[in-house]
Structure formats: C-alpha cells, structure tokens
Visitor: 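Can you keep this structure in mind? I'll have questions shortly.
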Amino acid sequence: MKKQSAGILAYRFNRQALEVFLVHPGGPFWQKKDIGAWSIPKGEFGEDEEPLAAARREFFEETGIPVEEPALALTPLRQKGGKMVFAWAVEKDIDPGRVLSNTFEMEWPPRSGRMQQFPEIDKAGWFDIVTAKQKCNTSQATFLDELLLKLGLPAEQPGNGTSE
C-alpha cells in the first residue's frame with residue numbers, strides 16, 4: 001500500500017494579516033529541531049478512508065479540536081520520501097494553548113528496553129506566511145503559496161513572526 005497522509009491547513013486573519021496554524025512533532029527526535037520541522041496537522045490514512053474525512057480525523061487526533069468548517073481543497077503533493085499529502089485549507093481561529101495531542105509509545109532511550117509515551121505534537125502556533133515557510137517542512141510550503149493564490153493575496157505576506 002502506498003503511503004499517503006491527509007491534513008488541514010487552518011488559517012485566520014489577524015489584524016488583516018494572514019496567519020497559518022502549524023504544529024511541531026513531539027518526541028525526543030524533534031525536541032531541539034525548529035526550522036523545517038513544523039507541519040500542518042496531518043496523518044496517514046488507508047485506501048478505504050476518504051481523504052477529507054481522514055484530514056478532519058487527524059486534525060482532531062493531533063489537536064483535540066474538531067474541524068467541521070467548509071474546506072478548500074489544495075493540490076496534493078509528494079514529499080521527498082515519496083509520501084503523497086492531501087490538504088485542505090479551513091478558516092478557523094484556534095487557541096494553541098487549548099491543543100491536546102494524542103500520544104505514541106516508543107523505546108527511549110534507544111535499546112534501553114524502556115517504553116515511554118510522547119505527545120504526537122508538543123507545540124502549536126500561528127505564523128505569518130514568511131515565518132511559516134521557514135518553519136514548515138519544505139515541501140509543505142507549496143500549500144502556503146497555493147492558499148495565498150486561492151485567497152487572492154500577494155505572494156509574500158510579511159508579518160510579525162509568530163503568535164504562538
């Protein structure tokens with residue numbers, strides 16, 4: 001089965017400037033990584049699940065926040081590792097402080113025999129487009145460009161960085 005993920009790119013207008021909502025992966029491998037580590041909330045789904053339903057499910061699993069608002073389809077993309085990513089943009093104002101992620105279990109430290117629980121995401125925040133392009137997985141920057149285009153906004157939207 002081919003690997004595929006679906007996710008939601010939440011956006012809002014803060015003082016007339018566009019901001020996007022990104023999440024940072026949890027766990028020890030990502031703890032000290034920032035640039036290029038953030039992502040839209042997304043996750044894998046199988047052949048038997050409709051991609052938009054999977055995107056909404058994954059957003060809820062990773063943030064604890066349901067997303068039922070109308071969704072604007074973005075063009076699917078293939079990441080460097082070969083995984084196909086489907087995404088939808090949804091206008092929704094989310095309080096990053098209310099995010100409650102699901103967890104995963106892994107052996108940590110490696111070869112210790114000790115299993116530990118880690119949050120799927122450990123941080124969430126709002127970013128202007130310029131900052132988001134720096135922080136997110138490089139292939140996902142395409143979603144940001146397409147969102148600007150579909151909203152009829154200029155290609156670059158400078159802002160004040162983050163409102164995590």
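Keep in mind it's a predicted model, so treat the numbers as computed, not measured.
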Visitor: Arg57: what forms a side-chain hydrogen bond (donor to acceptor under 3.5 Å, both in side chains) with it, not counting sequence neighbours?
Guide: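 If we apply the side-chain hydrogen bond (donor to acceptor under 3.5 Å, both in side chains) test to Arg57, skipping adjacent residues, the hits are Glu49, Glu61.
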Visitor: Do Leu149 and Val85 sit in one hydrophobic cluster, given that two such residues count as connected whenever their side-chain heavy atoms are within less than 4.5 Å of each other, even indirectly?
Guide: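 Looking at the clustering, Val85 is in a separate group from Leu149.
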Visitor: Is Asp145 close to Lys133 at the side-chain level, that is, under 4.5 Å between some pair of heavy atoms?
Guide: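 Lys133 vs Asp145: side chains touch.
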Visitor: Kindly indicate, with the supporting measurements, whether the criterion side-chain contact (heavy atoms from CB on, under 4.5 Å) is fulfilled by Val23 and Ile40.
Guide: CA-CA 6 Å; Val23 296; Ile40 65 170; over 6 Å; no
Visitor: Taking Ser139 for the side chain and Gln79 for the main chain, is one N or O donor matched with an acceptor at less than 3.5 Å?
Guide: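 Not confirmed, Ser139 side chain does not pair with Gln79 backbone.
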Visitor: Does some side-chain heavy atom of Glu91 sit less than 4.5 Å from a side-chain heavy atom of Phe13?
Guide: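 Sidechains of Glu91 and Phe13: in contact.
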Visitor: Would you name the heavy atoms of Cys136 and Ala141 that are closest together and state the gap between them?
Guide: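 What the structure gives for the nearest pair is SG-N, 3.7 Å.
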Visitor: Around atom CZ of Phe29, are there more than 12 heavy atoms of other residues, nucleotides or ligands at under 6.0 Å?
Guide: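 12 or below, so no.
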Visitor: Would you say the side-chain atoms of Glu120 pair up with the backbone N or O of Gly26, donor to acceptor, closer than 3.5 Å?
Guide: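 No; judged by distance alone, with no hydrogens or angles, the pair does not exist.
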Visitor: Please check if Leu151 and Leu9 belong to a single hydrophobic cluster, counting links between Ile, Leu, Val, Met, Phe, Trp and Tyr side chain heavy atoms closer than 4.5 Å.
Guide: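 Linked, Leu151 and Leu9 end up in one cluster.
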Visitor: Aromatic rings Phe118 and Trp108: how do their planes relate, parallel, tilted or perpendicular, breaks at 30° and 60°?
Guide: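 Perpendicular: the ring planes of Phe118 and Trp108 meet at over 60°.
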Visitor: Less than 4.5 Å apart, side chain to side chain, heavy atoms only: is that true for Leu144 and Gln140?
Guide: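 The answer is no, as the side chains (C-beta and beyond) never meet within the 4.5 Å cut-off.
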Visitor: For the side chain of Arg12 and the backbone of Glu19, is there at least one donor-acceptor N/O pair under 3.5 Å apart?
Guide: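 Here the side-chain-to-backbone pair does not exist.
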Visitor: Any chance you could lay out the side-chain contact (heavy atoms from CB on, under 4.5 Å) test for Glu58 and Phe45, step after step, and finish with the verdict?
Guide: CA-CA 9 Å; Glu58 286 292 335; Phe45 68 100; over 6 Å; no
Visitor: Does one hydrophobic cluster hold both Leu72 and Leu52, with members joined at side-chain heavy-atom distances below 4.5 Å?
Guide: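 They do not share one cluster, since no chain of ILVMFWY contacts under 4.5 Å joins Leu72 to Leu52.
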Visitor: Would you give the length of the straight line joining atom CG of Asp128 to atom CG of Asn14, rounded to the nearest 0.5 angstrom?
Guide: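 Going from the CG atom of Asp128 to the CG atom of Asn14 covers 10.5 Å.
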Visitor: For a quick test of reading the model, state the closest non-hydrogen atom pair linking Ala54 to Ala6 and the distance between them.
Guide: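 Closest pair (atom of Ala54, atom of Ala6, distance): CB-CB, 4.1 Å.
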Visitor: Starting at CD1 of Ile121, measure out to CH2 of Trp38 and round the result to the nearest 0.5 Å.
Guide: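 The CD1 atom of Ile121 sits 8.5 Å away from the CH2 atom of Trp38.
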Visitor: Look up atom CD in Gln4 and atom CZ in Arg78, then write down how far apart they are to the nearest 0.5 Å.
Guide: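 So the gap between those two atoms works out to 10.0 Å.
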Visitor: Do Leu22 and Phe60 land in one hydrophobic cluster if side-chain heavy atoms of ILVMFWY residues count as linked below 4.5 Å?
Guide: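 Hydrophobic grouping puts Leu22 apart from Phe60.
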Visitor: Does some side-chain heavy atom of Pro109 sit less than 4.5 Å from a side-chain heavy atom of Gln116?
Guide: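 Gln116 reaches Pro109 side chain to side chain.
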Visitor: CD1/Ile8 to CD/Glu69 distance, rounded to the nearest 0.5 angstrom?
Guide: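 Spacing of CD1 (Ile8) from CD (Glu69) equals 9.0 Å.
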Visitor: Which heavy-atom pair separates Ala37 from Pro25 by the least distance, and what is that distance?
Guide: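 Closest approach of Ala37 to Pro25, heavy atoms only: O-CD, 3.2 Å.
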Visitor: Taking all non-hydrogen atoms of both residues, which atom of Ala71 and which atom of Arg56 are closest, and how far apart?
Guide: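 Shortest heavy-atom separation between Ala71 and Arg56 comes out as CB-NH2, 3.8 Å.
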Visitor: Rounded to the nearest 0.5 Å, what separation is found between the CG atom of Leu74 and the CZ atom of Phe86?
Guide: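 Going from CG on Leu74 over to CZ on Phe86, the span is 12.5 Å.
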Visitor: Is Leu148 reachable from Phe127 through a run of hydrophobic residues whose side-chain heavy atoms are each under 4.5 Å from the next?
Guide: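 Yes, Phe127 connects to Leu148 through the hydrophobic network.
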Visitor: If you look at every heavy atom in Lys42 and Ser5, which pair is closest and at what distance?
Guide: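 Lys42 and Ser5 have their closest heavy atoms at CD-CB, 4.2 Å.
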Visitor: First locate atom CG of Leu18, then atom CG of Leu147, and finally report the distance between them rounded to the nearest 0.5 Å.
Guide: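 Nearest 0.5 Å value for the CG-CG distance: 5.5 Å.
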Visitor: What's the shortest heavy-atom distance between Gly125 and Pro96, and which atoms?
Guide: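 For Gly125 versus Pro96, the nearest heavy atoms are CA-CG, 4.1 Å.
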Visitor: Once side chain to side chain donor-acceptor pair (under 3.5 Å) is applied, what residue pairs with a partner in residues 20-33 remain, sequence neighbours excluded?
Guide: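 Residue pairs with at least one partner in residues 20-33: His24-Asp122.
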Visitor: Should Val67 and Trp88 be marked as a side-chain contact (heavy atoms from CB on, under 4.5 Å) after you check the CA-CA gap, both sets of side-chain angles, and the distance that decides it?
Guide: CA-CA 11 Å; Val67 175; Trp88 286 263; over 6 Å; no
Visitor: Side chains of Val20 and Phe143: does their closest heavy-atom pair fall under 4.5 Å?
Guide: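 No, every pair of side-chain atoms sits at 4.5 Å or beyond.
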Visitor: Going through the distances and angles, do Ile65 and Lys92 end up as a side-chain contact (heavy atoms from CB on, under 4.5 Å)?
Guide: CA-CA 11 Å; Ile65 297 167; Lys92 184 173 183 78; 3.7 Å; yes
